[in-house]
Participant: 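Please read through the structure below; I'll follow up with questions.
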Amino acid sequence: MRVTLRQLQVFEAVARLGSFSRAAEEIHVTQPAVSKQIRQLQQEVGLPLLEQIGRQVCLTDAGRELLATCSDWLDTWNRFEQSIADLKGLKQGRLRIAVVTTAKYFMPRVLGPFCDRYPGIEVALEVINRNRLLERLGHNADDLYVMGVPPEGWEIESQPLLENNLVVVAPRTHRFVGRRRIPFTQLADETFIAREEGSGTRITVERVFAEKGIHFKVRMELGSNEAIKQAIAGGLGLAVLSQNTLGDPAAEELAVLDVTGFPVRRSWYLVWPRGKQLSVVAATFVDFLHRHVALLKPRA
Ligand code: PGA
């Protein structure tokens, strides 16, 4: 059989994600390109590997056999690529990082100087929500992860990086703007624009409201911090967002409310699977990140 490594990579992504479109998004190619690779692979194997049941893509028996085999191959190949990159030291190499949506506001500020310092290193940065990040972490798809709520009970290393506090955001014209020490209980009468289920922000907000015994009234769910800010400015409700998503609130027609119990103090964490042998590039980046993140901290 003449099967290429690329075809196996594409097949593994489709099988893992159960979707052609999500695989295309992850590998950064078009959906027709994914379909073509799978078609060619099936021709080589001589049996169907995937079947579409409703909207879900499922594995056939042959597909399951191939997935088990190719996961091992891909793992071996990744280790080979890693050792070659390590042999070449920091002159050349690849760094794969996946970060939650709120970290996109600081990560590029660290990546800029890192890429200047090590111009031969190619960086791939995925910006996704917590759920998607956990999928990738579970499959050991990247070198490093940055997230707000590390999963409990997982075999991971996690190091706190920087403050990632949550604040209550309102339109500038809201009646609470300018009031001091608004009691948390008053949020019970407000409607909120919430991040999607599975988002780290959403998990924390729901936990904080539940701890206070207050119903978190969701009027609308939006999967993007930027879209939520627009919706707040448009008068659709309040939101609890990471402070880092706000540039100049006044310029965005927004205001941060002074509610008791806020800001909710939390951190971003740098995470990787426990026992994972970090590449030279990744280990250098961890060190670089800690030193540069210190520069991003607000001065006391
Ligand atoms: P999210 O995570 O993008 O999944 O909401 C952000 C965070 O926890 O800060």
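Each ligand, and each atom within it, is numbered from 1 in the order the structure gives.
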Participant: How far is atom 1 (P) of ligand 1 from its nearest protein heavy atom, and which residue and atom name does that atom have?
Facilitator: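 Here the nearest protein heavy atom works out to G200 N, 3.3 Å.
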Participant: Can you name the one residue among T201, T102, T101 that meets side-chain hydrogen bond (donor to acceptor under 3.5 Å, both in side chains) with N225?
Facilitator: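 The side-chain hydrogen bond (donor to acceptor under 3.5 Å, both in side chains) with N225 is passed solely by T101 among T201, T102, T101.
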Participant: Starting from atom 3 (O) of ligand 1, find the nearest protein heavy-atom neighbour and note its residue, name and distance.
Facilitator: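 Result: T101 OG1, 2.5 Å.
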Participant: Could you tell me whether the side chain of I38 reaches within less than 4.5 Å of the side chain of V10, counting heavy atoms only?
Facilitator: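 Side-chain contact under 4.5 Å: yes.
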Participant: What is the closest protein heavy atom to atom 2 (O) of ligand 1, and at what distance does it sit?
Facilitator: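 Nearest neighbour among protein heavy atoms for atom 2 (O) of ligand 1, to 0.1 Å: V100 CB, 3.4 Å.
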Participant: According to the interplanar angle, ranging from 0 to 90°, do the rings of F192 and F209 count as parallel (below 30°), tilted (30 to 60°) or perpendicular (above 60°)?
Facilitator: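 Because their plane-to-plane angle is over 60°, the rings of F192 and F209 count as perpendicular.
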Participant: Applying the salt bridge (charged side-chain N to carboxylate O under 4.0 Å, His left out) test to R132, which of E126, E25, E196, E26 qualifies?
Facilitator: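 Only match with R132 under salt bridge (charged side-chain N to carboxylate O under 4.0 Å, His left out): E25.
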Participant: For ligand 1, which part of N164 has a heavy atom less than 4.0 Å away: the side chain, the backbone, both, or neither?
Facilitator: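 Within the 4.0 Å criterion, N164 contacts ligand 1 through side-chain atoms alone.
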Participant: For R181, I'd like to know if atom CZ has over 12 heavy atoms of other residues, nucleotides or ligands within 6.0 Å.
Facilitator: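 Counting neighbours around CZ of R181, 12 or fewer heavy atoms of other residues, nucleotides or ligands fall under 6.0 Å, so no.
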Participant: Quick check: Y269 with Y145 (ring centres under 6.0 Å apart)?
Facilitator: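 No.
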Participant: Can R94 and E81 be counted as an ion pair, charged N to O under 4.0 angstrom?
Facilitator: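 The answer is no: the pair does not qualify as a salt bridge.
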Participant: For ligand 1, which atoms sit closer than 4.0 Å to a heavy atom of R130?
Facilitator: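 Answer, ordered by atom number: 4 (O).
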Participant: Can you tell which part of R202 has a heavy atom less than 4.0 Å from ligand 1: side chain, backbone, both or neither?
Facilitator: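 Contact part for R202 vs ligand 1: neither.
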Participant: In terms of residue, atom name and distance, what is the protein heavy atom nearest to atom 8 (O) of ligand 1?
Facilitator: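 Heavy-atom neighbour on the protein nearest atom 8 (O) of ligand 1: R266 NH2, 3.1 Å.
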Participant: State the atoms of ligand 1, each with its element, that fall below the 4.0 Å cut-off from a heavy-atom position in G148.
Facilitator: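 With G148 as reference, the close atoms of ligand 1 come out as 8 (O).
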Participant: Could you tell me, atom by atom, which parts of ligand 1 come under 4.0 Å of a heavy atom of T102?
Facilitator: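 Close to T102: 6 (C), 7 (C), 9 (O).
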Participant: For ligand 1, indicate whether the residue S199 contacts it via side chain, backbone, both or neither (heavy-atom separation under 4.0 Å).
Facilitator: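 Both the backbone and the side chain of S199 come within reach of ligand 1.
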